[in-house]
Amino acid sequence: MKKLVNDPKNVVNEAVAGFGAAHADLVRVSADPIFIVRKDAPVAGKVGIVSGGGSGHEPMHGGFVGPGMLDAAVPGPVFTSPTPDPILAATKAVDGGAGVLHIVKNYTGDVLNFETAADLAAADGVEVRSVLVNDDVAVKDSLYTAGRRGVAGTVLVEKIAGAAADRGDDLESVALVAERVIGQVRSMGVALTPCVVPHAGQPSFTLAEDEIEIGIGIHGEPGRERIKLEPADAIVDRLLGPILDDIPFVAGDKVLLLVNGMGGTPQVELYIVFRRAAEVLAERGIEVTRTLVGNFTTSLEMQGMSITVLKLDDELTTLWDAPVQTAALRWGR
Amino acid sequence: MKKLVNDPKNVVNEAVAGFGAAHADLVRVSADPIFIVRKDAPVAGKVGIVSGGGSGHEPMHGGFVGPGMLDAAVPGPVFTSPTPDPILAATKAVDGGAGVLHIVKNYTGDVLNFETAADLAAADGVEVRSVLVNDDVAVKDSLYTAGRRGVAGTVLVEKIAGAAADRGDDLESVALVAERVIGQVRSMGVALTPCVVPHAGQPSFTLAEDEIEIGIGIHGEPGRERIKLEPADAIVDRLLGPILDDIPFVAGDKVLLLVNGMGGTPQVELYIVFRRAAEVLAERGIEVTRTLVGNFTTSLEMQGMSITVLKLDDELTTLWDAPVQTAALRWGR
Amino acid sequence: MSNDTITVDQLTDWLTRFRDLVTEQVSYLTELDSAIGDADHGSNMTRGMGAVVEKIHASPAGTVDELFKGAGMTLVTSVGGASGPLYGTFFLRIGTTAGPRTSLDAPGLAAALRAGLGGVVARGKAEAGDKTMFDVLSPALAAFDAAVDVSSDLSTAAHAAYFAAQTGRDATRALLARKGRASYLGERSIGHIDPGAASTALLFQALVETLGEE
Amino acid sequence: MSNDTITVDQLTDWLTRFRDLVTEQVSYLTELDSAIGDADHGSNMTRGMGAVVEKIHASPAGTVDELFKGAGMTLVTSVGGASGPLYGTFFLRIGTTAGPRTSLDAPGLAAALRAGLGGVVARGKAEAGDKTMFDVLSPALAAFDAAVDVSSDLSTAAHAAYFAAQTGRDATRALLARKGRASYLGERSIGHIDPGAASTALLFQALVETLGEE
Ligand SMILES: Nc1ncnc2c1ncn2[C@@H]1O[C@H](COP(=O)(O)OP(=O)(O)O)[C@@H](O)[C@H]1O
Ligand SMILES: Nc1ncnc2c1ncn2[C@@H]1O[C@H](COP(=O)(O)OP(=O)(O)O)[C@@H](O)[C@H]1O
Ligand SMILES: [Mg+2]
Ligand SMILES: [Mg+2]
Ligand SMILES: [Mg+2]
Ligand SMILES: [Mg+2]
C-alpha cells in the first residue's frame, strides 16, 4: 500500500484540518469532536442540513458544505459511521431555530448513530427530521435485508434539499423535497480495482487482472456479480438496465444524469461512460436535461464509476439550478 | 490493464464527444479535426485564448473552456501533442478580431506544432501570440536542455490570462500578464504509481511496492530521484524545498497554493498534503491568500500529486478572483 | 460470597472480563466480520470495551446504573458503526432499569438484561433468525429467565445462558442475513457465523467466569 | 537509367522505401525511444510515412515540389509530437526549394536537402552534439555535398551520405541529450542511440536502395 499519509490513525483529522485551511472562506472545522460547518453557521431562521458518514468518500460530504447545500458534514473514521456525539455537536452548531434535517445514507451503522444523535438533539430542544438515502439498485430492496444502500444519489439529495432550505422552506417541506428526490433517484456502480483502507493496509477485496465487480458498494461491498472485463459501452448497459427498470424511467421523462468516478478512474473514462449512457437514454426516449460528471462519491482510490439517474420535474430542476457555493460543487455565485 | 474504454484508438474522440454532450451549456465540440470551443465563440472584440496538448491530463484543457478562461482547447492523442491543423482550426474558430493567445506547455512536440499552427494562422490573417509554460522545477532550466516542462501551473496561467481577456485587455496585455504568471509560478510532483496509456496497455514506468518518484513529469517522465516511500509530510517537504528556493519565494510573499492530484490519489490524501504545505509556508513567513485543491492537471490514473506555488500581487489576485464558468473551475457566476 | 446477588464490583469484573475476551479474540471476531461484513467488528469491540474499562478504572462506579449507563455512553461515543449503538443501548437500558442500587439479585439482573435486549430490538429491529447478535441474546436470556424461575442461584442462570448463547451463535452459521451489512450478501452470507453473535456469546462467557462454579 | 538525375518516380520510390524501412524497424525505433523518450517514435514514423505513401498512391505527384510539399504537409498533419513538424518541415523545404521540376540533378538534390536541414534547424534549434536527428542529417549532407563536388553521380553521393549517417547515428550513443524529451534525463541519456537519428539514417539507406549500385 502506497499512500500520501503520515500515521494512518491521523488520516481523518489531518485531512479535515487541511480541508479547513484550504477552504477557510467557506467552512469552519471543529477538531474535537470532528465536524465541518459552513463559515456563517448557524443561519438564523434557515433549516440546517447535516450529513455525514464514514470518511473515504470525499468530496462527499465535507466538499458539499456551504451556501445552497449542507450546513454541516460529520466525517467518521474511514468507512465507519461517526458516533452520535459529533453528529449532535454539528446539529446544534447549525440550528438556526428552524430545525435541522439529517441526510443519512442507509447503512445500519449510520442509521443507528444518526438516530441516537437525533434523539439527543431533540432532548436538547432541537427539532430534527431525518431522511434515508437508498438509491443503490445493486442491492435488492426487500423486507428481508437492511434495504438498499445509499450511494452517489446522496449528492443530488443534498444539493436539492440545500436549495429548498436556502429559499426558506420549513423543516417539513425540506424533508419532503428530500424524500421526493430519494424516491426518484437510482444508482449502480462498477469496480475495476479495489480500495485500500489506510489503517487496514490491505485491499478491501481482490479482483483478478481481467475481472470487474458489477454493483459494487462504496465501501467495496460485493455487488451483483463478478464478470470478465468488457468494453465500456457494455458495462454502461449493464448498469443502466437495472437503474432504468427500477422506478421505472420511461420515454418522455426528463432526467439528471450523473456519472460518478470512484476516485481512481481518469476523467477521459468517465466521459466515455457518459457518452454511452446519454446515448442509451436517448434511445429510450428519456431526455437528459441536467448533467454532472466527476468524482463526487468516491471509494478512496478505487477504479470504477457509478451511474445515477434522477427523474426531474420543474421544481427539482429549479432547485438543482439554484446557486451553490461549496468546495466541490459551485455555480451561480 | 483495466480501463473503462471501448477501442483504445477511440479514447479521445469518444471522451470528447461525451464531454460535449455533458457540457452542451458551456461548449461546442468539433469531431474532425478534434477541438473544443466555448459555446458562444468567437466573442467579438475579445482576445481568444487557446491551449491544448496531449490528452490524459483532464480536466486540463477541455475542462477549462468557458467564459473567463479558455476559448478553445485542442486535445491531441493521449500524451501526444495535437498536429497543427486542429490548432489552426480552433484558433480561427475563436478569433473575435482581437487576436489569439496560444498557451503552450514547454514540450518540443507541443512547441513545434503550436508554432506551425501560429504561422499558418498568421498567414490567414489571424494575429497570434504564444506563451510557453515551464513551471516544473524538477527539471533543470538551462541552455543545455529543452528547458523546464509545463505542468500544473498551466491551470493558473490559463485562469489569469482568461480573466485578463475577459476584462477586455488587448492581445499584447493578455500575453504580458500570462508571461508574468509564468515568471512567478513553480511546481514539482511525485508519483506513487505509474499511469497506463490506453493504446500502450503497459505501465509507462515501474516503481517497486515501496518506491516513489520525486519530480515526476505529467507523462510519467522520470524526475530527480527514486526513493523509498516516506510519510506525506516528508514528501511535501521534498517538493516544496526546490519550489520555494527557485524564484525564490520569501517571507512576506503572498501566494496561491495549488495541491494537484495526478488522477488516482484520493482527496483525503491531497488535503493531508495541503495541510503540511500550508504549514511549511507559514513557517517561512509566506502568506497563502488563495488556494486550490483537486485533480486539475492529471496523468491518467497515476497516484501522486504536485504542489504549485504562484506569487500573487494585487492584479493577479483580482484576475484570479474574477468570475469563471467552465466544467472544472467555476465561481462568480 | 453468595451467588444470590451480584455486586457492582462483580458487575465491573464482568465488563472487565468481557473486555479481556474480545481483546483476546480480536482477530477471530474480525475474521468473522471480514467474511460477511467489513472486517472491523473485532477492533470495534476491543476499542469500545477498552474505553469502557479505562473509564471505570479512572472513576469506579458506585451503583449499577452509574456503571452501565457509563459503559453504554462510552460504547456509543467511541465505537460508531452498528455495534456501537447496539451494545451501547444494551448497556444503557440495563443501567436505567437497574437503577441506583449497589447489587442485583437474580430476578433483578434478569429484568435488566431483558430491558437491554428490548433496547437492541428497539434500535436494530432484528427478529429471530435475522443472523445478528439478537440470535444469541434472545435464547440466552430465555435460558437465564428459565433458570431464575426455578433457582435464585445466579451462577446456574449464567451457565444456562452461556450454553444457550453458544448454541445460538453456532446456529447463525446456517442463517441467511437479513439485517446489517451481511444482508447485502444474500445467499452468500450462509455458512458463516455472525460476528456480533460471536461477541455476544463472549459476554455470557465473561459472566460465567465472574460468577464462578455453580 | 542515368544516375546523374533523379526523377519524380524515383523520389517517390525513395519515400516508399523509407516507409518500408521505418515500418520494418518500428519496434527498434520505439525501443530506442522508450529508453530515453516516450516510446512512440516507431509508431509516429510508421503512421506518418504510411499516410504519406497512401496519399501519393491515391494521387501521384507530377513534380518534385508537389511530391515533397504533399509529403511534408501529410507528416505535419498526421504525426504530432516533435518528429512530425521536424520531418514535415524537412520535406516541405525540399519541395519549395526544388520547385515544379520533374527531376533533379546532383547539385539540385544537394541544395534541396540542405534547405530541408535548414528547416529542421529553424524549427528545432538543434546544434551539433545535441543528440538529435541533426547529428545524422548534418554529417550526411556534408558527405553528400563533398561527393557532389567531385562527381555528378547521385549513387556515389547517396552512398557517402549513408555511410556518414550511420557513423553519426552511432555517435549519438555517447552524447548527452540537450534537445527534446531525452534532455530531461540529463546524464541518464548517455549510452543510448537517439531514435530520430536512427530513423534519419534509414532515410539515407532508402536513398541508396533507390539509386542502386554506384
Ligand atoms: N439491525 C441489527 N440488529 C441487531 N444486530 C445487528 C443489526 N445490524 C447489525 N447487527 C450486529 O452488528 C454486527 C456488526 O457489528 P460491527 O461490525 O461492529 O459494525 P458494522 O457492521 O457497522 O461494521 C453484526 O454481526 C450483527 O450481529
Ligand atoms: N529540437 C529538436 N531538433 C531536432 N530534432 C529533435 C528535436 N527535438 C527532438 N528531436 C528529434 O525527435 C526525436 C523524437 O521524436 P518522437 O519520439 O517522434 O517525438 P516526441 O519526442 O514528441 O515523442 C528525437 O529522437 C530527436 O531526434
Ligand atoms: Mg463490521
Ligand atoms: Mg464497520
Ligand atoms: Mg517520442
Ligand atoms: Mg511523443
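When reading the values below, keep in mind they use all heavy atoms of this one structure, side chains included, and skip hydrogens, waters and symmetry mates.
Within a 6.0 Å sphere centred on CD of A/E225, heavy atoms belonging to other residues, nucleotides or ligands number more than 12. By the 6.0 Å contact criterion, CZ on C/F163 is open, its count of non-hydrogen atoms from other residues, nucleotides or ligands being 12 or less. Within a 6.0 Å sphere centred on CZ of A/R226, heavy atoms belonging to other residues, nucleotides or ligands number more than 12. Within 6.0 Å of the CD atom in A/E127, the count of heavy atoms belonging to other residues, nucleotides or ligands does not exceed 12.
Within the 4.5 Å cutoff, the side chain of A/T116 has heavy atoms near those of the C/R123 side chain.
Atom CZ of A/R224 sits about 15.0 Å away from atom OH of C/Y184, to the nearest 0.5 Å. Separation of atoms OG1 (A/T108) and CZ (C/R181) is listed at 7.5 Å; rounding is to 0.5 Å. How far CZ of A/R149 is from OG of C/S183: 9.5 Å, rounded to the nearest 0.5 Å.
Of the atoms belonging to A/D119, it is side-chain heavy atoms, and not backbone ones, that fall under 4.5 Å from chain C. A/E221 touches chain C through its side chain: at least one heavy atom from C-beta onward sits under 4.5 Å away, while N, CA, C and O do not. Using a 4.5 Å cut-off between heavy atoms, C/D130 makes no contact with chain A at all.
Of all the heavy atoms in A/G223 and C/R188, the pair that sits closest is O-NH2, 3.0 Å.
Within residues 70-99 of chain C, the residues having any heavy atom closer than 4.5 Å to a heavy atom of chain A are C/V76, C/T77, C/S78, C/V79, C/G80, C/G81, C/A82, C/P85, C/L86, listed by residue number.
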